[in-house]
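These notes concern the structure reproduced below.
The figures here come from the full heavy-atom set of this structure, side chains too, leaving out hydrogens, waters and symmetry mates. All chains are named by letter (A, B, ...) in the order of the sequence lines, taking the proteins before the strands, and each is independently numbered beginning at 1.
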Amino acid sequence: MRYWLIKSEPDVFSFDDLLAAPKQTTCWDSVRNSSARNFLRDGMKKGDLAFYYHSNAEPSAIVGICEVVREGYPDHTALDPSHDYYDADSNAATPTWFMVDVKAVKKLANPVGLPEIKNSAALSEMALVKVGRLSVVPVRPNEWETVIAMSEGRS
DNA sequence: GCCAACGTTGGC
DNA sequence: GCCAACGTTGGC
């Protein structure tokens, strides 16, 4: 099993929105970056866990945990001309963009903010910090444990 | 609102 | 295939 981190702007779709969604599940669509796409299509497996990170937020922080409940499948928003994220260069036969379904597992006891992450020696190599822009990034097991400990005030 | 990082596009 | 221009992300 692998660990991940997915980002969303809380103004667009927050963790609370996920908790309020039917079955607490949503399709993680509209990713239009090829590196992130590769993680969605090839890396994420059913049962993998992911941190839910609020970007462009006050404060920017890891706020919850969710689980991959459906593995990579074509992102329909890329194929729908009426959609904001329509990609005229993609097609249903050979889809360019993929998404997964994620289900909320739980909210963290306390959010773990970006400054805390940056201040933690154990998290200095985290992809979140190293490769800022990617909306889907892997998390190492020791990083996962460290963040969980911080959220529970055990750090 | 600025800007750094970095992916993508397109001219040559 | 190089590289300049441009767009996007997201921290600050």
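Within the structure, salt bridge (Lys or Arg N to Asp or Glu O under 4.0 Å) pairs that include any residue of residues 2-15 of chain A do not occur (at least two apart or interchain). Under the side-chain hydrogen bond (donor to acceptor under 3.5 Å, both in side chains) criterion, no residue pair touches residues 133-145 of chain A, with sequence neighbours excluded.
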Check: residues 56-67 of chain A side-chain donor-acceptor pairs under 3.5 Å, at least two apart:
unit_1: A:Ser60; atom_1: OG; unit_2: A:Ala57; atom_2: N; d: 3.4
unit_1: A:Ser60; atom_1: OG; unit_2: A:Ala57; atom_2: O; d: 3.3

Sequence neighbours left out, cut at 3.5 Å: what donor-acceptor pairs do the side chains of residues 69-77 of chain A make with other protein atoms?
unit_1: A:Glu71; atom_1: OE2; unit_2: A:Lys46; atom_2: N; d: 3.0
unit_1: A:Tyr73; atom_1: OH; unit_2: A:Asp101; atom_2: OD1; d: 2.5
unit_1: A:Tyr73; atom_1: OH; unit_2: A:Asp101; atom_2: OD2; d: 3.4
unit_1: A:Asp75; atom_1: OD1; unit_2: A:Thr77; atom_2: N; d: 2.9
unit_1: A:Asp75; atom_1: OD1; unit_2: A:Thr77; atom_2: OG1; d: 2.6
unit_1: A:Asp75; atom_1: OD2; unit_2: A:Ser30; atom_2: N; d: 2.7
unit_1: A:Asp75; atom_1: OD2; unit_2: A:Arg32; atom_2: NH1; d: 2.9
unit_1: A:Asp75; atom_1: OD2; unit_2: A:Thr77; atom_2: OG1; d: 3.4
unit_1: A:Thr77; atom_1: OG1; unit_2: A:Arg32; atom_2: NH2; d: 2.9

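Counting any heavy atom pair closer than 4.0 Å across all strands shown, A:Ser34 reaches sugar-phosphate atoms only and no base atom.
Not counting sequence neighbours, A:Asp29 has no partner by the side chain to side chain donor-acceptor pair (under 3.5 Å) test.
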Original post:
When every nucleotide of nucleotides 3-12 of chain C is labelled 5' to 3' by its protein contacts under 4.0 Å (heavy atoms), B for base, S for sugar-phosphate only, - for none, what sequence of letters results?
Top reply: ------BBBS
